[in-house]
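Hydrogens, waters and symmetry mates are skipped; everything else that's a heavy atom, side chains included, is used.
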Amino acid sequence: AKILNDNDGVEQIYKVVQAGLKGWENVNVAFTTKTEKISGREVEMVPLSTLDSFDQKVVSELAIQIIAIQKASSEERKN
């Protein structure tokens with residue numbers, strides 16, 4: 001079994017936001033993405049340098065919302 005430390009959880013939170021965030025409004029930070037290969041496919045990701053402009057609590061809240069939206073979308077596809 002793999003033992004996770006706190007940094008693994010933080011890294012996962014940031015990966016969710018990097019891949020799931022599609023833009024924002026009313027923020028004084030420019031929204032940018034860069035293309036990264038993940039599991040053989042190209043994905044538009046928000047650079048860590050951009051997310052570093054925000055408090056970790058804000059990034060965590062974004063991750064929670066992204067996961068909730070993805071879960072709702074997958075449940076709608078089932079119906």
Side-chain angles (χ1 to χ4, degrees):
K2 181 180 177 186
I3 298 173
L4 298 176
N5 62 41
D6 288 343
N7 289 336
D8 291 331
V10 171
E11 186 176 324
Q12 292 301 317
I13 288 169
Y14 275 81
K15 288 291 182 190
V16 166
V17 176
Q18 282 184 279
L21 196 59
K22 302 303 178 201
W24 55 56
E25 295 177 359
N26 301 321
V27 176
N28 291 331
V29 177
F31 182 81
T32 60
T33 61
K34 63 180 182 174
T35 303
E36 289 186 27
K37 276 205 170 196
I38 298 179
S39 300
R41 61 177 241 221
E42 292 186 351
V43 179
E44 291 297 314
M45 303 280 282
V46 178
L48 283 175
S49 59
T50 300
L51 293 182
D52 285 343
S53 302
F54 300 97
D55 185 83
Q56 188 174 339
K57 185 174 181 177
V58 171
V59 176
S60 296
E61 287 295 322
L62 287 169
I64 290 167
Q65 293 303 316
I66 289 167
I67 292 167
I69 290 167
Q70 289 175 342
K71 184 177 178 183
S73 295
S74 68
E75 288 175 359
E76 288 174 359
R77 284 189 293 252
K78 290 179 186 176
N79 291 331

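The hydrophobic cluster containing I66 also contains V29, counting ILVMFWY residues as joined when their side-chain heavy atoms lie under 4.5 angstrom apart, directly or transitively. Hydrophobic clustering (ILVMFWY, side-chain heavy atoms < 4.5 Å, transitive): V10 and I64 are in distinct clusters.
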Can you list, pair by pair, the side-chain donor-acceptor contacts under 3.5 Å of residues 34-49, counting residues two or more places apart and other chains?
{"from": "T35", "atom 1": "OG1", "to": "E44", "atom 2": "OE2", "distance (Å)": "2.6"}
{"from": "E44", "atom 1": "OE1", "to": "T33", "atom 2": "OG1", "distance (Å)": "2.7"}

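In terms of modelled atom types and a separation under 3.5 Å, the side chain of K22 and the main chain of A19 share a donor-acceptor contact.
Closest of all the heavy-atom pairs between A63 and I13 is CB-CG2, 3.8 Å.
For L62, the side chain to side chain contact (heavy atoms under 4.5 Å, CB included) partners two or more places apart in sequence, or in a different chain, are V17, L21, V58.
The line from CZ of F54 to OG of S60 is 13.5 Å long, rounded to the nearest 0.5 Å.
Screening residues 25-49 for ring-ring contact (aromatic ring centres under 6.0 Å, His included) gives W24-F31 as the qualifying pairs, with residues at least two apart or on separate chains.
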